[in-house]
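Atoms considered below: every heavy atom in the structure, side chains included; atoms not considered: hydrogens, waters and symmetry mates.
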Amino acid sequence: MNAPTEKPSPEYRQTLNLPDTPFPMRGDLAKREPAWLQQWQDDGLYKRLRDARRGAPLFVLHDGPPYANGAIHMGHAVNKVLKDMIVKARQLAGFDAQYVPGWDCHGLPIENAIEKAHGRGLSRDEMQAKSRAYATEQIALQMKDFQRLGVLGDWAHRYATMDPANEAGEIRAFKRVIERGFVYRGLKPVYWCFDCGSSLAEFEIEYADKKSQTLDVAFLCAEPDKLAAAFGLPEIVGEAFAVIWTTTAWTIPANQALNLNPQIEYALVHTERGQLILAASLVEACLKRYGLTGHVVATTPGEKLGGIHFRHPLAHVHAGYDRLSPVYLADYATADDGTGIVHSSPAYGLDDFNSCVAHGLAYDDILNPVQGHGRYAEDFPLFGGLNIWKAVPQIIDTLRDAGRLMATEAITHSYPHCWRHKSPVIYRAAAQWFVRMDEGEGVFTTDKAPKTLRQMALEAIDHTGFYPENGRARLRDMIANRPDWCISRQRSWGVPLPFFLHKDTGELHPRTMQILDQAADIVEAGGIEAWSRVTTEEILGAEDAPHYTKSSDILEVWFDSGSTFWHVLRGQHPEGWHREGPEADLYLEGHDQHRGWFHSSLLLACALYGRAPYRGLLTHGFTVDSQGRKMSKSLGNGIEPQKVSSTLGAEIIRLWVAASDYSGDIAGDDKILARVVDAYRRIRNTLRFLLANTSDFDPKTDAVPADQLFEIDRWALARSAEFQAEILKHYEVYEFHPVVAKLQVFCSEDLGAFYLDVLKDRLYTSAPKSLARRSAQTALWQITQAMLRWMAPFLSFTAEEAWKLVGHTESIFTETYWNFDGEDVALLPKWARLREIRELANKEIEAVRGTGAVGSSLQATLAIGAPPEDLALLQSLGEDLKFVFIVSALSVSSAEALSVTVTPSTATKCERCWHWRDDVGHDAAHPGLCRRCTDNLHGAGEARVHA
């Protein structure tokens with residue numbers, strides 16, 4: 001600011017209206033925030049906010065439940081603060097903005113934690129009891145840390161997926177999905193994690209590099225006459241082999257077929273190792289890889305090779321492999337790499353499985369020697385009991401010794417891994433329960449959906465808002481290409497699949513739908529533990545019980561969290577939901593949830609009632625360090641929210657989140673946080689100035705009517721109203737970093753460098769109750785009221801602290817955004833130009849100050865030459881123009897171009913207002929004062945109209 005920094009003469013200091021406020025310059029956030037939080041809790045703030053909005057339009061942000069395992073990290077903090085800011089911004093916009101925090105509680109991570117602490121030998125009842133106790137402890141710890149961040153929510157009525165009512169609600173939702181025709185049981189290869197000991201859904205897979213051995217393996221033709229005929233030859237000379245290429249050596253022992261593409265041209269190649277069948281386009285590359293020479297004997301399209309049988313490459317090594325592998329034609333066999341021939345182990349590949357079943361292979365005949373823990377069955381020939389990854393070298397050696405290995409080499413390739421364990425997974429055939437994406441029959445269908453689940457989900461995406469928009473294509477691609485959803489898991493800690501299967505036929509009990517209702521009631525009364533204790537006899541009766549087995553499978557955890565809208569959102573509307581099904585205004589999570597919670601929630605909502613459970617989806621990036629590396633314990637590059645809260649204050653975390661563009665990754669470290677602290681101080685100092693200069697202002701008695709406000713005050717209100725409209729547009733689409741950036745500019749430029757700079761003289765030197773001062777205070781008070789609301793969503797502690805100091809007893813969040821009174825939008829272009837001319841004048845003054853000719857700007861005398869339009873603007877302010885330019889004397893004249901001349905004042909400096917004036921000493925009783933000061937102190941006050 002341009003105002004001088006020296007102090008007035010001691011005898012006149014007490015005559016000035018110097019600012020005063022109990023709002024401290026230093027926030028001492030880390031020390032004071034806990035007390036404010038306690039006050040919020042003691043006051044029942046969340047309930048008071050609901051009471052304040054009773055009957056208002058509803059806004060619901062449904063909380064994607066964090067997993068109840070371990071202390072929160074900065075990623076959690078970013079997520080919860082973003083949610084809190086959005087809810088508070090909608091609350092201030094007049095909505096009944098509800099936020100019920102939740103937790104995801106079932107599933108493997110907690111089971112792993114229990115097994116680490118108590119061993120793997122726990123019974124199902126022990127595992128469930130210890131898991132529930134552990135999750136309860138974790139929720140309490142995480143809740144405390146979330147509350148410390150200033151997050152307002154219905155903490156007293158938080159939800160958890162392990163709440164018995166929610167567990168029961170999930171079973172009822174599952175029943176409805178069955179009724180709609182989407183659930184079936186099938187043997188199908190699904191992702192399987194050996195560490196989990198269970199199947200995985202598509203959502204639980206991530207891709208990472210893995211080292212593997214490629215193998216080219218020769219399969220001896222068992223029908224040389226048919227092969228000769230297919231190639232148009234009279235006979236096959238010597239042995240002929242179909243050569244396959246694979247990266248999964250462990251699947252070779254379970255081979256049951258070969259796949260060729262009917263459209264590809266295949267060659268019969270004569271080599272020193274016999275006749276080889278290869279894709280014609282790959283012959284040269286393959287021979288080079290094998291170190292062989294050879295020539296093409298004949299070629300034929302793949303369609304003519306269908307049905308020809310080949311022998312397993314280990315058939316002559318062990319009788320257990322003495323079986324045939326027929327050729328099945330399949331489009332997924334390509335000539336892009338390898339040999340153009342794919343070996344098929346139907347238990348370990350979805351394409352393989354579908355091809356073999358389509359060609360008549362019975363489920364019972366599918367070989368599945370790999371057990372759930374990753375080892376071959378003990379009685380499996382040659383490799384029994386071996387871990388499949390450790391068996392690879394032995395398999396390669398066995399094939400080499402058998403004369404069937406053509407080549408092998410190590411490669412690094414992208415491979416599916418378990419999302420939780422980061423370990424490689426496999427496809428493994430298992431009898432599982434699925435939710436069907438496309439046409440097909442379901443079990444116990446009574447109210448079949450009119451469209452397929454895939455169709456409904458894709459249509460729902462079209463009717464959903466995305467923030468940012470690129471999330472739409474990402475989710476659409478995932479839905480368009482995903483397979484059926486495997487929803488069953490082989491674990492203990494989770495919502496049961498309350499099925500009874502016939503011991504001989506595998507069919508569900510005919511009373512399954514009634515049993516689902518019964519199970520839901522049992523679980524609601526006593527949790528999933530109560531169902532675990534129920535016996536088959538108690539449910540089915542003595543006559544049926546001997547013939548049925550009670551399923552021990554659970555629903556996978558994405559079904560848990562994905563169905564929360566069904567049993568949580570219903571409770572958030574006092575009169576129930578008026579729409580067909582529960583629907584949130586917004587889901588907000590990290591962008592990885594396109595394949596997680598967003599995905600499962602969409603599928604279940606569409607399965608249940610044909611629409612998405614959300615109107616909008618917002619995604620944010622991950623927290624990274626200043627070098628762009630994801631924060632992690634192993635790298636030691638993370639910043640802990642607990643530590644930041646206890647040293648700098650949670651308000652700094654909130655401002656950091658708000659100031660970051662969350663659509664990408666969010667960078668943070670100590671240096672970045674230090675810059676956030678500086679930004680906070682600048683905002684706080686502006687707020688302190690506003691509070692200090694309105695501390696003696698009572699709007700009920702002191703407010704100046706709109707038609708009496710000074711022109712610059714009406715401009716300031718107009719600019720503030722214009723600014724508010726800008727930031728509310730950002731809030732409307734959940735944008736915060738533009739608000740923070742613009743608020744800093746508004747504070748430093750519109751206010752600090754201009755309006756407040758101009759206002760200081762009038763605020764400090766005018767009579768305390770004069771129109772001049774009260775006009776300024778009227779504008780400042782309104783700007784303060786508005787600014788506290790602007791910043792409240794992200795600087796909640798500071799806004800509430802200041803709110804109490806301006807005389808309010810209720811929370812600022814019971815208010816709505818400010819309605820300005822007295823603004824004059826017609827003044828905006830005029831004062832924009834005046835500021836440009838003032839900026840030019842300031843540069844000229846600074847140049848003269850650099851020579852030492854003047855000290856403060858008040859010692860300067862300005863002469864401005866201006867063209868007609870500018871001249872009219874300047875002259876319209878009359879004598880008040882000098883106050884806008886903060887000089888003691890100013891003259892304007894007509895000129896062709898704008899010019900500013902600066903000369904040092906020859907007048908005397910007033911000891912009270914510091915203006916350099918010729919009338920200083922006009923009153924012998926006050927020789928150090930100018931006339932305007934004596935008028936303000938002892939007369940009617942100086943006459944000012946514009947500034």
Near-ring test Tyr662/His737, centroid separation under 6.0 angstrom: no

Are the charged groups of Asp63 and Lys80 less than 4.0 angstrom apart, N to O? yes

Reported CD-to-OG1 distance for the pair Gln91 and Thr814, which is rounded to 0.5 angstrom: 8.5 Å

Between Trp597 and Tyr587, is the ring centroid distance below 6.0 Å? yes

Determine, step by step, whether Trp790 and Tyr731 satisfy the ring-ring contact (aromatic ring centres under 6.0 Å, His included) criterion, reporting the C-alpha distance in whole Å, the side-chain angles of both residues, the deciding distance to 0.1 Å, and the verdict. CA-CA 10 Å; Trp790 301 338; Tyr731 277 154; 9.8 Å; no

Presence of salt bridge, Glu732 and Lys729, under 4.0 angstrom: no

Judged by modelled atom types alone, do His620 and Ser663 share a side-chain donor-acceptor pair under 3.5 Å? no

Are the charged groups of Asp96 and Arg53 less than 4.0 angstrom apart, N to O? no

Compute the centroid of each ring, for Trp155 and then for Trp40, and state whether the two points are separated by less than 6.0 Å. no

Phe794: ring pair (Phe, Tyr, Trp, His ring centres under 6.0 Å) partners, not counting sequence neighbours: none

Indicate yes or no: does Arg474 engage Glu469 in a salt bridge with an N to O separation below 4.0 Å. no

Salt bridge or not for Lys843 and Glu839, using N-O below 4.0 Å? no

Between Lys830 and Asp824, is the closest basic N to carboxylate O distance under 4.0 Å? no

Separation between CG (Asp154) and CD (Gln98), nearest 0.5 Å, reads 8.5 Å

Trp803/Phe813 aromatic ring centres below 6.0 Å: no

So that I can tick it off, tell me whether Asp698 and Arg774 are bridged by a salt bridge, with the cut-off set at under 4.0 angstrom between side-chain N and carboxylate O. no

If you measure only the distance, is there a donor-acceptor pair under 3.5 Å linking the side chains of Asp696 and Gln777? yes

Any residue meeting side chain to side chain donor-acceptor pair (under 3.5 Å) with Gln41, in chain and number order, not counting sequence neighbours: none

Look at Arg835 together with Asp750 and state whether they make a salt bridge at an N to O cut-off of under 4.0 Å. yes

Under a 4.0 Å N-O cut-off, is there an ion pair linking Asp84 with Arg654? yes

